[in-house]
Peer 1: 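Dumping the structure here so I can ask a few things about it.
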There are 2 protein chains.
Amino acid sequence: MSQDSPTYSPLYRQIKGLMLQALEAGEWRPGQVIPSEQELAARFNVSQGTVRKAIDEMAADNLLVRKQGKGTFVASHNDPRALFRFLRLVPLDGEISHPESVPLECWRARAGQEASRMLGIKPGDPIIIVRRLLKFAQKPVVIDEIYLPGEIFQGLTLEVLQGWQGSIYSLFETRFGLRMIRAQESIRAVAADRGTAEVLRVPEGKPLLSVERVTYTYGDKPVEWRRGLYLTDEHFYLNELS
Amino acid sequence: MSQDSPTYSPLYRQIKGLMLQALEAGEWRPGQVIPSEQELAARFNVSQGTVRKAIDEMAADNLLVRKQGKGTFVASHNDPRALFRFLRLVPLDGEISHPESVPLECWRARAGQEASRMLGIKPGDPIIIVRRLLKFAQKPVVIDEIYLPGEIFQGLTLEVLQGWQGSIYSLFETRFGLRMIRAQESIRAVAADRGTAEVLRVPEGKPLLSVERVTYTYGDKPVEWRRGLYLTDEHFYLNELS
DNA sequence: AAGTGGTCTAGACCACTGC
DNA sequence: CAGTGGTCTAGACCACTTC
């Protein structure tokens with residue numbers, strides 16, 4: 001969000017802070033309605049307009065979703081509209097096809113230097129590593145390697161991943177109560193190594209997009225680090241600059 | 001009763017429309033102050049709050065910049081803060097260095113199929129093509145090929161480009177009265193061809209980022225199409241997903 | 001009809017800038 | 001100090017959803 005002067009924070013920002021606490025504490029859960037603006041105004045002893053402004057910012061942050069006539073809801077990755085919020089890969093020909101996620105492996109390990117730095121944990125802390133393939137129209141397009149803090153994702157196994165219908169963040173949210181709210185991607189071009197080339201069925205040395213992502217949950221806490229290799233023969237990474 | 005028209009638009013949106021017209025017409029120019037909220041409210045015969053909401057949206061769209069105590073200004077590419085709004089390339093080591101733009105060529109041509117489609121002009125219409133190099137810390141990192149509608153950019157020459165200190169969009173704005181407000185990038189991984197490899201001083205076949213960009217001015221009119229090839233050995237393309 | 005968010009207004013006051 | 005944008009309030013009314 002924008003930056004606060006250290007000495008002054010308007011009322012609606014403080015209300016926003018209280019509402020963020022309610023979200024973090026799990027008082028309001030993804031997909032559910034939060035209390036009406038009137039109720040919140042009464043609860044926090046401010047006017048409805050002030051609550052509105054707090055909600056406005058949180059909606060702009062993709063934390064809440066307003067629905068006229070129905071109420072204000074906690075944003076959820078189970079919402080189909082959220083599917084392509086983090087996946088920016090688009091087919092060249094414009095044909096919209098939903099990707100199929102194929103989990104390949106899932107194993108336990110200990111965090112090395114890089115993983116610990118990215119995930120904000122100590123080197124040697126337990127982590128879980130997932131390898132999975134993303135297919136568009138039967139064709140393998142992305143191979144992902146996903147690093148997760150073991151402490152948070154206890155009970156995550158290949159079977160759990162394979163049994164889940166829906167996006168991986170939808171699984172994280174439903175099964176581990178963890179909502180991803182923000183991510184940062186670093187993109188480079190690399191040459192396919194032998195293993196990757198085999199899985200994606202391309203020649204070794206083929207140029208691929210390397211997309212490294214760190215994903216954050218409430219309180220800007222990093223909870224996922226992943227590296228994806230994207231085959232961009234029939235798809236491209238779409239980015240809106242505004 | 002009657003079918004609700006999909007054309008309902010609240011008052012503040014209509015005000016926004018009027019203000020957009022003022023921007024397009026050049027009544028308010030980049031970098032300048034626009035009238036105060038009070039004056040605008042009087043001019044449009046609405047309350048200050050309604051003007052505020054229109055300005056809020058335009059500020060969120062990066063069309064205006066609010067400065068407390070001073071006024072509201074038309075956003076400008078001459079503002080140093082706008083420099084990295086469209087260039088997402090960041091050094092690996094975090095060292096912030098300003099890129100140096102080196103124009104290589106600038107020639108006239110006629111739009112082919114692709115260029116005409118991207119620029120919203122007719123095939124055969126005059127276009128201008130610019131090739132330029134972007135250097136970070138003396139090292140060539142990006143080679144750009146930029147396609148511009150000839151009608152708008154009359155008088156653009158290599159000398160003009162070479163004589164300009166500052167970003168290319170800042171030149172477009174100052175010299176051609178054209179403000180870029182939005183862009184869309186399509187990113188892929190490709191292998192360097194011989195010519196590119198020489199300019200970037202890398203081996204032929206080297207994986208590079210191919211970044212195709214269409215840039216829009218007021219009224220969502222496309223006015224630039226460019227393709228950049230990025231060397232990502234010591235830099236990466238940074239993208240915030242939120 | 002009742003409840004929700006969305007708009008519009010009017011007025012008071014606060015924080016920041018520049019003279 | 002006056003002028004700007006920024007906040008906060010209270011109330012009226014509109015548009016949409018549900019019963």
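In the text below, chain A, chain B and the rest are named by the order of the sequence lines, each starting its count at 1.
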Peer 1: Going 5' to 3' along nucleotides 2-9 of chain D, which nucleotides have protein heavy atoms under 4.0 Å from the base (write B), which only from the sugar-phosphate (write S), and which from neither (write -)?
Peer 2: -BBBBBSB
Peer 1: In terms of side-chain heavy atoms, does B:Asp56 have a donor or acceptor partner in B:Tyr12 at a distance below 3.5 Å?
Peer 2: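 Short answer, no.
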Peer 1: State, with a plain yes or no, whether a side-chain heavy atom of B:Val130 is found less than 4.5 Å away from one of B:Leu156.
Peer 2: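 B:Val130 vs B:Leu156: side chains touch.
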Peer 1: Between A:Phe136 and A:His235, how do the two ring planes meet: parallel, tilted or perpendicular, split at 30° and 60°?
Peer 2: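 Rings of A:Phe136 and A:His235: tilted, 30 to 60°.
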Peer 1: Got a salt bridge between B:Glu212 and B:Arg188, using NZ or NE/NH1/NH2 to carboxylate O under 4.0 Å?
Peer 2: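 No.
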Peer 1: Please round to 10 degrees the angle between the axis of the first five pairs and the axis of the last five pairs in the helix from C:dA1-D:dT18 to C:dG18-D:dC1.
Peer 2: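 What I find for the helix from C:dA1-D:dT18 to C:dG18-D:dC1 is an axis angle of 10°.
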Peer 1: Just checking, any donor-acceptor pair under 3.5 angstrom between side chains of A:Gln184 and A:Tyr216?
Peer 2: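 There is no such pair (donor and acceptor under 3.5 Å, judged by atom type) between the side chains of A:Gln184 and A:Tyr216.
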Peer 1: A:Glu39: which residues meet the salt bridge (Lys or Arg N to Asp or Glu O under 4.0 Å) condition with it, sequence neighbours left out?
Peer 2: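 Once residues adjacent in sequence are excluded, A:Glu39 has no partner under the salt bridge (Lys or Arg N to Asp or Glu O under 4.0 Å) criterion.
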Peer 1: Among A:Arg132, A:Lys135, A:Arg227, A:Arg213, whose salt bridge (Lys or Arg N to Asp or Glu O under 4.0 Å) with A:Asp144 holds?
Peer 2: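 Exactly one option meets the salt bridge (Lys or Arg N to Asp or Glu O under 4.0 Å) with A:Asp144, and it is A:Arg132.
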